[in-house]
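Heavy atoms only: backbone and side chains are in, while hydrogens, waters and symmetry mates are out.
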Amino acid sequence: MKYAAAWADIACEVLETPYPYGTAHASKGPDDVDVTPDRLHPAFHGSYDWHSSAHMQWSLVRLLTLAPDQVGGRPIEVLDRRLTPEAIATEAAYLRERPSYERPYGWAWAAMLVAAARKTQWADALTPLGDVIADLVLAWLPKQAYPVRHGVHLNSAFALALLHEAYGELGRADVVEAIRARALQWFGNDTAYDTRFEPSGTDFLSPALSEAELMRRVLPDAEFVSWLSAFLPGLGGDAHQHLLEVPVTDDSGDGQLAHLSGLALSRAWQLRTIAPALPNVADVLRAGADRQVDAVLPTVTDGDFMSTHWLVSFALLADQA
């Protein structure tokens with residue numbers, strides 16, 4: 001794997017960078033104000049915020065699985081210090097007490113970490129985290145009347161796609177079925193999606209492609225082909241061409257503008273996964289994916305911290321698609 005060593009190095013580096021850190025902690029009273037990152041979140045501190053810490057640890061587990069001979073021992077040391085039974089018990093209790101915290105983006109990445117680690121030495125410690133997130137998902141989906149369709153953290157389709165994958169690997173058929181049913185209710189009848197207004201200024205996800213990637217997972221192949229053709233007619237041909245081109249990116253250290261580098265990588269991942277459903281234009285979609293990855297790849301390891309603290313995970317999604 002070409003970039004395994006460099007990606008593992010930067011993931012360890014940002015996870016071991018304690019500040020800046022955004023806690024997003026809502027204090028419940030005057031005695032609930034200790035927001036020192038490693039005390040508040042003994043597993044998911046560093047890497048700027050809770051969700052980035054979770055998905056960069058997922059990155060380390062994936063890299064250890066994909067290229068163990070290339071990444072060295074440092075990732076194991078980092079994960080051993082964080083993924084302890086005591087630390088995960090604290091994180092699980094925090095989520096139970098605050099059932100909307102990191103919903104749904106952080107939940108999805110934490111569940112992906114649990115699934116990725118299911119055959120590793122951290123599996124037993126992480127099990128309670130997977131269980132609490134499953135409970136939260138099952139309680140949340142019936143209450144969420146409408147999907148969130150914008151291109152940042154609250155996007156429903158992106159989170160459901162990752163949660164569907166994670167709980168499929170973890171053998172939780174109840175969670176998988178709840179996600180499938182909600183996806184069909186929310187998106188099953190969508191047609192002729194208008195992508196003219198993508199991207200918004202701080203997107204790291206394409207609302208259109210995120211929805212398509214979710215539906216790829218929950219529909220049989222033949223039904224997905226029909227759904228996709230109706231949802232994004234002309235994709236790869238005379239329509240939606242801007243989804244295949246590199247977005248304007250920024251690596252000045254502005255955390256919101258840095259999102260656009262992630263947009264290039266998430267688009268690339270999703271274009272690659274849906275390409276087989278459109279064989280006549282599959283090469284066009286893959287070429288668009290390649291352009292976007294090539295444009296932002298240097299930023300993944302050599303950019304400002306506001307880029308490097310999270311982009312490895314999206315680069316891995318694109319690389320493994």
- Message: Aromatic contact between Tyr101 and Trp107, with the criterion being ring centroids under 6.0 Å apart: yes or no?
- Response: no

- Message: Restricting to ring pair (Phe, Tyr, Trp, His ring centres under 6.0 Å), what partner residues turn up for Phe187, sequence neighbours left out?
- Response: none

- Parallel, tilted or perpendicular: ring planes of Tyr21 versus His41, cut at 30 and 60 degrees: tilted

- Task: Sequence neighbours left out, what passes ring pair (Phe, Tyr, Trp, His ring centres under 6.0 Å) with Trp122? Give chain and number order.
- Result: none

- Message: Can you confirm whether Tyr146 is buried at OH, in the sense that more than 12 heavy atoms of other residues, nucleotides or ligands lie under 6.0 Å from that atom?
- Response: no

- Item | Residues which pass side chain to side chain contact (heavy atoms under 4.5 Å, CB included) with Ser307, listed by chain and number, not counting sequence neighbours | Asp251, Ala258, Thr299, Leu311

- Short side-chain to backbone donor-acceptor contact, Arg291 and Leu244, under 3.5 Å: yes

- Note on the structure: Applying side chain to side chain contact (heavy atoms under 4.5 Å, CB included) to Leu154 and not counting sequence neighbours gives Pro104, Val148, His150

- Count the heavy atoms belonging to other residues, nucleotides or ligands that lie under 6.0 Å from NZ of Lys2, then report whether that count exceeds 12. no

- Task: Please list, chain by chain and in numerical order, all residues satisfying salt bridge (Lys or Arg N to Asp or Glu O under 4.0 Å) with Asp194, sequence neighbours excluded.
- Result: Arg196

- Under the salt bridge (Lys or Arg N to Asp or Glu O under 4.0 Å) criterion, do Asp38 and Arg82 qualify, and how do the steps go? CA-CA 10 Å; Asp38 59 344; Arg82 292 162 178 269; over 6 Å; no

- Query: With a 4.5 Å heavy-atom cut-off, do Leu205 and Val152 have their side chains touching?
  - Reply: no

- Query: What residue among Leu316, Thr308, Val312, Val293 forms side-chain contact (heavy atoms from CB on, under 4.5 Å) with Val300?
  - Reply: Val312

- Item | Within one Ile-Leu-Val-Met-Phe-Trp-Tyr cluster: Trp50 and Met306, side-chain cutoff 4.5 Å | yes

- Task: List for me each residue that meets ring pair (Phe, Tyr, Trp, His ring centres under 6.0 Å) alongside Trp227, sequence neighbours excluded, and say none if there are none.
- Result: Phe231

- Query: By side chain to side chain contact (heavy atoms under 4.5 Å, CB included), which residues pair with Pro20, not counting sequence neighbours?
  - Reply: Tyr48, Phe305

- Query: Who are the ring pair (Phe, Tyr, Trp, His ring centres under 6.0 Å) partners of His45, not counting sequence neighbours?
  - Reply: none

- Query: Pro75 pairs by side-chain contact (heavy atoms from CB on, under 4.5 Å) with which of Leu63, Leu15, Leu64?
  - Reply: Leu64

- Which side-chain hydrogen bond (donor to acceptor under 3.5 Å, both in side chains) pairs, counting each pair once, include a residue from residues 54-63, with sequence neighbours left out? Ser53-Gln57, His55-Tyr105, His55-Ser313, Ser59-Ser313

- Query: Heavy atoms, side chains only, cut-off 4.5 Å: are Gln320 and Leu317 in contact?
  - Reply: no

- With ILVMFWY side chains joined below 4.5 Å, transitively, what does Leu260's cluster contain besides itself? Leu263

- Task: Using the test salt bridge (Lys or Arg N to Asp or Glu O under 4.0 Å), find all partners of Asp254 that sit at least two apart in sequence or belong to another chain.
- Result: none

- Listed partners of Ser27 passing side chain to side chain contact (heavy atoms under 4.5 Å, CB included), at least two apart: His25, Asp32, Val33

